[in-house]
Amino acid sequence: QVQLVESGGGLVQAGGSLRLSCAASARRFSSYAMGWFRQAPGKEREPVAAIIWNNGNTYYADSVKGRFTISRDNAKRTVYLQINSLKPDDTAVYYCAADQDQPLVVLHPLSESQYDYWGQGTQVTVSS
């Protein structure tokens, strides 16, 4: 069982930046594919970004390309999401997800069904 704990959310003005963190309890953290998803009020959860370690690639939803950056620090067992140029539409609960089956996840890295482990989420609110 892997536990994921997100942090770094908050209230920020449009145009500002935040860095979200997700700390994982997995001993072999480097063997896990990691993803970020978000859910806005009244909407379904949607993908944001993913990082697959076995091929070192990152993946982004079209809506966040150029503004969001996913990265990981395997020594700290942490994945990050740097969010720049925040917009009110970015307001959502941001969830971290993990899965150990990287060869499978890499086929559809932005599909939430690929991930077995989820955090509780961190709220990001962007004011206009």
Side-chain angles (χ1 to χ4, degrees):
Q1 189 73 12
V2 175
Q3 292 185 335
L4 304 172
V5 180
E6 302 95 335
S7 62
L11 174 63
V12 63
Q13 288 187 333
S17 298
L18 282 174
R19 189 177 78 157
L20 307 184
S21 300
C22 172
S25 64
R27 290 187 176 183
R28 295 184 61 189
F29 176 74
S30 62
S31 68
Y32 283 77
M34 302 298 297
W36 284 98
F37 295 78
R38 68 184 181 183
Q39 187 167 20
K43 295 185 178 181
E44 294 185 353
R45 188 158 55 189
E46 64 177 5
V48 173
I51 184 165
I52 311 298
W53 193 245
N54 65 346
N55 64 0
N57 282 356
T58 55
Y59 305 83
Y60 297 94
D62 289 342
S63 60
V64 306
K65 283 181 180 178
R67 298 191 298 120
F68 288 25
T69 303
I70 188 170
S71 62
R72 65 192 297 162
D73 185 332
N74 288 334
K76 295 182 178 179
R77 301 177 187 174
T78 300
V79 64
Y80 303 99
L81 186 69
Q82 178 69 41
I83 311 175
N84 298 326
S85 303
L86 276 157
K87 305 175 182 179
D89 285 349
D90 295 321
T91 294
V93 177
Y94 284 72
Y95 296 92
C96 174
D99 197 275
Q100 198 169 18
D101 194 346
Q102 296 196 81
L104 181 62
V105 176
V106 74
L107 300 177
H108 300 286
L110 295 179
S111 173
E112 65 175 82
S113 65
Q114 301 287 67
Y115 295 86
D116 283 341
Y117 303 103
W118 292 82
Q120 294 299 308
T122 185
Q123 176 72 46
V124 173
T125 302
V126 184
S127 63
S128 58

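The shown structure was predicted, so the numbers you read here are calculated from the model rather than taken from an experiment. Quick note: residue numbers are just sequence positions, from 1.
- For the pair Asn74/Tyr32, no side-chain contact is recorded, criterion being any heavy-atom separation below 4.5 Å from C-beta on.
- Without hydrogens or angle criteria, Gln123 side chain to Gly9 main chain gives no donor-acceptor distance under 3.5 Å.
- In this structure a side-chain-to-backbone donor-acceptor pair under 3.5 Å is missing from Tyr115 to Leu110.
- Ile52 and Trp118 fall within a single hydrophobic cluster, where Ile, Leu, Val, Met, Phe, Trp and Tyr are joined by side-chain heavy atoms under 4.5 Å apart, directly or via other members.
- Of the possible donor and acceptor atoms, none in the side chain of Arg38 sits under 3.5 Å from a partner among the backbone N and O of Val124.
- Here the closest non-hydrogen pair linking Leu4 and Ala98 is CD1-N, 3.8 Å.
- Judged purely by atom type and a 3.5 angstrom limit, Thr91 uses its side chain to pair as donor or acceptor with the backbone of Val126.
- The closest donor-acceptor contact from the side chain of Arg67 to the backbone of Ser85 lies under 3.5 Å.
- Residues Lys76 and Phe29 have side chains not in contact (no heavy-atom distance under 4.5 Å, counting atoms from C-beta outward).
- Between the side chain of Gln39 and the backbone N or O of Lys43 there is at least one donor-acceptor pair closer than 3.5 Å.
- Minimum heavy-atom separation, Phe37 to Ala97: CE1-CB, 4.0 Å.
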Could you walk me through whether Gln100 and Asp116 pass side-chain contact (heavy atoms from CB on, under 4.5 Å), step by step? CA-CA 8 Å; Gln100 198 169 18; Asp116 283 341; over 6 Å; no
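- In terms of the side-chain hydrogen bond (donor to acceptor under 3.5 Å, both in side chains) criterion, Ser128 has no residue partners (sequence neighbours excluded).
- Looking at heavy atoms from C-beta onward, Trp36 lies out of side-chain contact with Phe68 at the 4.5 angstrom threshold.
- For the disulfide bond (SG atoms under 2.5 Å apart) condition, no pair includes a residue of residues 98-128, sequence neighbours left out.
- Each disulfide bond (SG atoms under 2.5 Å apart) pair with one or both residues in residues 69-122, not counting sequence neighbours, appears once here: Cys22-Cys96.
- Exactly one residue among Val105, Asp101, Asp99 makes a side-chain contact (heavy atoms from CB on, under 4.5 Å) with Gln114. That residue is Val105.
- Note on Lys65 versus Asp62: salt bridge recorded, some NZ/NE/NH1/NH2 to OD/OE distance being below 4.0 Å.
- Checking side-chain atoms of Gln120 against main-chain N and O of Glu6 turns up no donor-acceptor pair under 3.5 Å.
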